[in-house]
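Positions are given from 1 along the sequence. Every heavy atom of this structure was used, including side-chain atoms; hydrogens, water molecules and symmetry mates were not.
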Amino acid sequence: FDTAIDALLAGEVDAIIDDAPGLEYYAHTHPDRAVEVVGPIFAPDKYAFGLAQGSALRRPLSVELIGAREDGLIEALRETYFGKQR
């Protein structure tokens with residue numbers, strides 16, 4: 001991202017299009033760089049955990065992820081690493 005951000009700040013490019021979480025993480029962790037993620041996400045992707053078919057971890061992992069979402073942990077982690085929801 002550094003090279004792309006340098007080009008953006010130098011006016012060599014008008015925008016950077018990339019994976020939204022990566023851009024949000026960069027903007028959040030580099031407050032010294034005058035960049036902002038704007039506009040709607042136009043090609044949303046989903047992320048998942050890959051487990052072997054029949055894995056004994058499937059149910060416990062699902063239960064923990066559901067609990068983490070219900071308890072607000074997922075949102076707290078998202079905010080920690082990506083900043084406030086825009």
Side-chain angles (χ1 to χ4, degrees):
F1 286 125
D2 286 318
T3 302
I5 297 297
D6 290 342
L8 180 68
L9 295 175
E12 298 169 9
V13 297
D14 293 325
I16 300 167
I17 299 173
D18 206 301
D19 188 51
L23 292 170
E24 290 170 347
Y25 179 77
Y26 187 94
H28 182 67
T29 58
H30 293 82
D32 56 311
R33 312 287 312 257
V35 296
E36 181 180 353
V37 178
V38 299
I41 295 175
F42 55 86
D45 290 324
K46 302 292 182 194
Y47 295 89
F49 291 95
L51 301 173
Q53 190 165 349
S55 172
L57 295 176
R58 183 175 172 210
R59 181 164 172 69
L61 179 60
S62 295
V63 168
E64 288 298 319
L65 288 172
I66 291 167
R69 183 173 181 109
E70 289 175 351
D71 294 344
L73 178 60
I74 299 292
E75 181 58 24
L77 289 170
R78 195 205 61 71
E79 194 170 300
T80 297
Y81 292 100
F82 303 114
K84 297 263 185 206
Q85 188 72 25
R86 46 184 176 102

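Once rounded to the nearest 0.5 Å, the distance linking CD of Glu75 with CG of Leu77 reads 9.5 Å. Distance check: Leu8 CG to Phe1 CZ gives 12.0 Å after rounding to the nearest 0.5 Å. Distance check, rounded to the nearest 0.5 Å: CD of Glu12 to OG1 of Thr3 gives 10.5 Å. Note that the OG1 atom of Thr29 and the OH atom of Tyr81 stand 11.5 Å from one another [nearest 0.5 Å].
Evaluation of the side-chain hydrogen bond (donor to acceptor under 3.5 Å, both in side chains) rule for Asp18 yields no partner, not counting sequence neighbours. Take Asp14 and apply the side-chain hydrogen bond (donor to acceptor under 3.5 Å, both in side chains) test, not counting sequence neighbours, and it matches no residue.
When the shell of 6.0 Å around CD1 of Ile17 is examined, it contains 12 or fewer heavy atoms from other residues, nucleotides or ligands. No more than 12 heavy atoms of other residues, nucleotides or ligands sit less than 6.0 Å from atom OH of Tyr25.
With hydrogens and angles ignored, the 3.5 Å screen pairs a side-chain donor or acceptor of His30 with a backbone N or O of Tyr26. A side-chain donor-acceptor contact under 3.5 Å links Arg78 to the backbone of Gly83.
For residues 26-42, every residue pair satisfying the salt bridge (charged side-chain N to carboxylate O under 4.0 Å, His left out) rule, not counting sequence neighbours, is listed here: Asp2-Arg33, Asp6-Arg33.
In terms of heavy atoms, Ala27 sits closest to Val37 at CB-CG2, 4.3 Å. When all heavy atoms of Leu51 and Ser55 are compared, the closest pair comes out as CB-CB, 4.0 Å. Nearest heavy-atom pair, Ile16 versus Ile5, reported as atom, atom and distance to 0.1 Å: CD1-CD1, 3.5 Å. Contact record, Glu79 with His28: O-NE2, 3.8 Å, taken as the closest heavy-atom pair.
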**Message:** What verdict does the side-chain contact (heavy atoms from CB on, under 4.5 Å) test give for Phe49 and Leu65, after you've listed the backbone C-alpha separation in whole Å, the side-chain angles of each residue and the deciding distance to 0.1 Å?
**Reply:** CA-CA 11 Å; Phe49 291 95; Leu65 288 172; 3.8 Å; yes
